[in-house]
Asks: 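Below you will find the structure I want to go over with you.
All values below were derived from every heavy atom in this structure, side-chain atoms included, with hydrogens, water molecules and symmetry-related copies excluded. One is the number of the first residue; the rest follow in order along the sequence. Counting starts at 1 for both ligands and their atoms, following the listed order.
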Amino acid sequence: MTTADSDKVALITGGSRGIGYGVAEALVARGHRVCVTGRGEDALTAAVEALSAAAPDGAGRVIGVAGKAHDEAHQAVAVERVMEAFGRVDFLVNNAGTNPVFGPIAELDLGVARKVFETNVVSALGFAQRTYRAWQKENGGAIVNIASIAGVAPSPFIGAYGMSKAAMINLTVQLAHEMA
Ligand SMILES: NC(=O)c1ccc[n+]([C@@H]2O[C@H](COP(=O)([O-])OP(=O)(O)OC[C@H]3O[C@@H](n4cnc5c(N)ncnc54)[C@H](OP(=O)(O)O)[C@@H]3O)[C@@H](O)[C@H]2O)c1
């Protein structure tokens, strides 16, 4: 690992468990600093403690910001806290996602469909706008959006999720065209 490859900063939404936590763990092990988010404060605190303990060079490498990914105030606070704590935000990992309904799309509640889009797609756009403005526009970096095979091919009974992940794939291409 070269110096240029280490000590960068990542904001990972939904990093208190699962894939997001795994991404945080891998980045911390490579010498990067991370901020993880999630709704549940206890789980987030436990994740920050575990990630900090695993950091090769000690404390101060990991912070957590609790909140709902689609909440614009939370997005603003999370990016502000990262910039205050670390002074840069090289990587954004839009990982927080939800799949709350299982059933035929003909019966899909439109309120639920909107909520899935808010959490899975609009939140990713909001975080991308904020990290781009705060750091990446001038300094570069990377935005990783966690999609799903359900966004590529239809999957029975998870229509809202699949639609949102297809939109996430399109958003990723659009961000690459406009920001890369
Ligand atoms: N697991 C799979 O097989 C799979 C396959 C394809 C794609 N994916 C995608 O990969 C991503 C992560 O999946 P996962 O299986 O690792 O999920 P997971 O184990 O359920 O973990 C989700 C993480 O996101 C947080 N989270 C959930 N809803 C949130 C919200 N509205 N706002 C902020 N944080 C939220 C959770 O913490 P709180 O609950 O405390 O908020 C947790 O930290 C998702 O985008 C998912 O669609 C997963």
Asks: Sorted by first residue and then second, give each salt bridge (charged side-chain N to carboxylate O under 4.0 Å, His left out) pair with at least one member in residues 85-106; sequence neighbours left out.
Replies: Arg88-Asp90
Asks: Enumerate the protein residues lying less than 4.0 Å from ligand 1, judged by heavy-atom distances, in chain and residue-number order.
Replies: Gly14, Gly15, Ser16, Arg17, Gly18, Ile19, Gly38, Arg39, Gly40, Gly67, Lys68, Ala69, Asn95, Ala96, Gly97, Thr119, Ile146, Ala147, Ser148, Tyr161, Lys165
Asks: For Thr172 and Asn145, does a side-chain donor sit closer than 3.5 Å to a side-chain acceptor?
Replies: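 The answer is yes; a qualifying pair exists.
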Asks: May I ask whether Met168 and Phe117 are part of the same hydrophobic cluster, defined by side-chain heavy atoms of I, L, V, M, F, W, Y residues being less than 4.5 angstrom apart, directly or through others?
Replies: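 Same cluster: Met168 reaches Phe117 through Ile, Leu, Val, Met, Phe, Trp or Tyr contacts under 4.5 Å.
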Asks: Between Phe157 and Phe102, what is the ring plane arrangement, given parallel below 30°, perpendicular above 60°, and tilted in between?
Replies: tilted
Asks: Can you pull out every salt bridge (charged side-chain N to carboxylate O under 4.0 Å, His left out) where at least one residue sits in residues 108-119? Sequence neighbours excluded, please.
Replies: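 Salt bridge (charged side-chain N to carboxylate O under 4.0 Å, His left out) check on residues 108-119 returns no pairs.
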Asks: Please list, one pair per line, the donor and acceptor atoms closer than 3.5 Å that link side chains of residues 61-72 to other protein atoms, with sequence neighbours excluded.
Replies:
from, atom 1, to, atom 2, distance (Å)
Arg61, NE, Asp57, OD1, 3.3
Arg61, NH2, Asp7, OD1, 3.1
Arg61, NH2, Gly31, O, 2.6
Asp71, OD1, Ala73, N, 2.9

